[in-house]
Undergrad: 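Pasting in a structure now, in structure tokens, and then I'll have a few things to ask.
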Amino acid sequence: MNLRSAILPVTATSRRDLVERLVQLIVGLVLYGVALGLMVRGGIGVAPWDVLSLGIATQTGLGYGAVTNLVAVVVLLLWIPLRQRVGIGTLLNALLIGPSADLTLLVVPDPPSIWVGAPMFVVGLVLLAFATGLYIAASFGPGPRDGLMTGLVRRTGWRVWIVRTLIEGSVLLIGFLLGGPVGVGTVLFALGVGPLVGWFLPRITRIRAERSRRLAPV
């Protein structure tokens, strides 16, 4: 695969459409990092990939955001044998989410009790689903983890739920063994993120598509 064929082409109905979608992408990724920070601060457990990141952070002394970025880079390297195509959104995903999460952890203090931490986690979960809808609907390529899943599905022919379960189960186990926090929040994430993204994504996608059509030259 040559470099040109490895990169997803960027298409837009107009220059303004391209700019608006880039802004939407960046806002979505920054909010995604904020959401991760809120869920970590909630203190009731985190998503499987964040269990891994926090476990690695515990063992290495690196910051959570830095580890999140490093994990994303490693996952992108796994795309190479899968021959996955990289988009602008893929690269910005790997670069922006970690610093945004670290900034949130710097600004937001630990909650005084679980009665504050649990709602903080729920707010983070809802915000994450909204942010996911924003950056996916911008149509600049999948995130590193999503691309790993879709690449494995394409290569193996297995069902999506099997591949996703194997990936997230593996990173959850490794993260737990490394000392990452597993709790009720991990279960809430597993049960809640799918329906929430399923609610936000089609609505944001529809609004974006209608806006792009209006920005197309006559």
Side-chain angles (χ1 to χ4, degrees), residues 1-12 18 21-22 24-26 28-33 35-36 46-102 128 131-178 180 189-190 193-194 197 201 205:
M1 181 185 290
N2 60 44
L3 182 60
R4 179 172 295 183
S5 64
I7 298 175
L8 288 169
V10 175
T11 60
L18 178 61
R21 284 168 48 221
L22 281 170
Q24 178 178 320
L25 171 68
I26 293 170
L29 293 174
V30 169
L31 289 179
Y32 195 102
L36 291 182
V46 290
W49 281 100
D50 299 306
V51 174
L52 176 63
S53 293
L54 288 167
I56 294 173
T58 299
Q59 297 299 321
T60 63
L62 295 172
Y64 164 68
V67 173
T68 298
N69 279 11
L70 289 173
V71 168
V73 170
V74 172
V75 171
L76 281 178
L77 292 176
L78 296 176
W79 281 32
I80 296 174
L82 297 174
R83 303 178 72 84
Q84 282 287 87
R85 304 178 75 188
V86 177
I88 294 174
T90 309
L91 299 176
L92 289 179
N93 185 301
L95 293 174
L96 294 181
I97 289 178
S100 176
D102 267 350
L128 181 141
T132 299
L134 280 181
Y135 87 75
I136 290 179
S139 299
F140 285 108
R145 297 157 186 82
D146 293 331
L148 176 64
M149 180 188 69
T150 56
L152 285 171
V153 168
R154 180 168 50 83
R155 282 289 181 176
T156 63
W158 296 349
R159 295 180 182 274
V160 171
W161 72 268
I162 294 176
V163 173
R164 179 163 184 169
T165 299
L166 288 174
I167 292 174
E168 299 207 352
S170 298
V171 299
L172 177 61
L173 177 60
I174 295 170
F176 175 71
L177 293 175
L178 291 173
F189 182 91
V193 69
V197 172
L201 181 56
T205 300

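None of these values were measured; they are calculated from a predicted model.
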Undergrad: What's the shortest heavy-atom distance between Pro144 and Val75, and which atoms?
TA: O-CG1, 3.3 Å
Undergrad: Set out, in order, the CA-CA distance, both residues' side-chain angles and the distance that settles side-chain contact (heavy atoms from CB on, under 4.5 Å) for Leu77 and Ile80, then state yes or no.
TA: CA-CA 6 Å; Leu77 292 176; Ile80 296 174; 4.2 Å; yes
Undergrad: Rounded to the nearest 0.5 Å, what separation is found between the CG atom of Leu96 and the CG atom of Leu31?
TA: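 Reported value, rounded in 0.5 Å steps: 11.5 Å.
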Undergrad: Let me confirm one number: the CD1-CE distance from Ile162 to Met149, rounded to the nearest 0.5 Å.
TA: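 With rounding to 0.5 Å, CD1 (Ile162) is 13.0 Å from CE (Met149).
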Undergrad: Give the minimum heavy-atom separation between Leu128 and Ala35, together with the two atoms involved.
TA: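 Result for this residue pair: N-CB, 3.5 Å.
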Undergrad: Nearest 0.5 Å, what's the CG-CD1 distance between Leu178 and Ile56?
TA: 6.5 Å
Undergrad: Which heavy atom in Trp79 sits nearest to a heavy atom in Gly147, and how many Å separate them?
TA: CZ2-CA, 3.2 Å
Undergrad: Could I get the full list of side-chain hydrogen bond (donor to acceptor under 3.5 Å, both in side chains) partners for Asn93, not counting sequence neighbours?
TA: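 Partners of Asn93 by the side-chain hydrogen bond (donor to acceptor under 3.5 Å, both in side chains) criterion come out as none, since no residue qualifies.
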Undergrad: Which atom names give the shortest non-hydrogen contact between Leu76 and Ala94, and what distance separates them?
TA: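 Answer, listing the atom of Leu76 first, then Ala94: CD1-CB, 4.1 Å.
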Undergrad: Can you list every salt bridge (charged side-chain N to carboxylate O under 4.0 Å, His left out) pair that touches residues 163-173, not counting sequence neighbours?
TA: Arg164-Glu168
Undergrad: Of all residues at least two apart in sequence or in a different chain, which pass the side-chain hydrogen bond (donor to acceptor under 3.5 Å, both in side chains) check with Arg155?
TA: none
Undergrad: Sub-3.5 Å donor-acceptor pair from the side chain of Ser100 to the main-chain atoms of Val30, do we have one?
TA: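 Yes, Ser100 side chain to Val30 backbone: donor-acceptor pair under 3.5 Å.
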Undergrad: Quick one: list whatever passes side-chain contact (heavy atoms from CB on, under 4.5 Å) with Leu95, sequence neighbours left out.
TA: none
Undergrad: What distance separates Thr68 OG1 from Tyr32 OH, expressed to the nearest 0.5 Å?
TA: 10.0 Å
Undergrad: Name all residues meeting the side-chain contact (heavy atoms from CB on, under 4.5 Å) criterion together with Ala12; count only those two or more places apart in sequence or in a different chain, and write none if there are none.
TA: Asp17, Leu18, Arg21
Undergrad: Go through the structure and list residues passing side-chain contact (heavy atoms from CB on, under 4.5 Å) with Ala57, not counting sequence neighbours.
TA: Val67
Undergrad: Which pairs pass side chain to side chain donor-acceptor pair (under 3.5 Å) with one or both residues in residues 49-61, sequence neighbours excluded?
TA: Asp50-Tyr64
Undergrad: List in chain and number order the residues that pass side-chain hydrogen bond (donor to acceptor under 3.5 Å, both in side chains) with Thr150, two or more places apart in sequence or in another chain; answer none if no residue qualifies.
TA: Gln84
Undergrad: Do Ile167 and Arg145 pass the side-chain contact (heavy atoms from CB on, under 4.5 Å) test, and can you show the C-alpha distance, the side-chain angles, and the key distance before you say yes or no?
TA: CA-CA 9 Å; Ile167 292 174; Arg145 297 157 186 82; over 6 Å; no
Undergrad: Could you pull out the closest heavy-atom pair between Leu172 and Pro48, with the gap in Å?
TA: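 It is CB-CB, 4.0 Å.
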Undergrad: Measuring from atom CG of Asp102 to atom CD1 of Ile97, what distance do you get when rounded to the nearest 0.5 angstrom?
TA: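 CD1 of Ile97 is found 12.5 Å from CG of Asp102.
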Undergrad: Report the C-alpha distance between Val51 and Val171 in whole Å, list the side-chain angles of each, state the deciding distance to 0.1 Å, and finish with yes or no for side-chain contact (heavy atoms from CB on, under 4.5 Å).
TA: CA-CA 8 Å; Val51 174; Val171 299; over 6 Å; no
Undergrad: Quick one: does Thr132's side chain get under 4.5 Å of Leu201's, heavy atoms only?
TA: no
Undergrad: Partners of Thr156 by side-chain contact (heavy atoms from CB on, under 4.5 Å), sequence neighbours excluded?
TA: Trp158, Val163
Undergrad: Determine, step by step, whether Leu22 and Phe140 satisfy the side-chain contact (heavy atoms from CB on, under 4.5 Å) criterion, reporting the C-alpha distance in whole Å, the side-chain angles of both residues, the deciding distance to 0.1 Å, and the verdict.
TA: CA-CA 8 Å; Leu22 281 170; Phe140 285 108; 3.8 Å; yes
Undergrad: Return the OG1 to CD1 distance between Thr205 and Ile136, rounded to the nearest 0.5 Å.
TA: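 Reported to 0.5 Å precision, the distance equals 8.0 Å.
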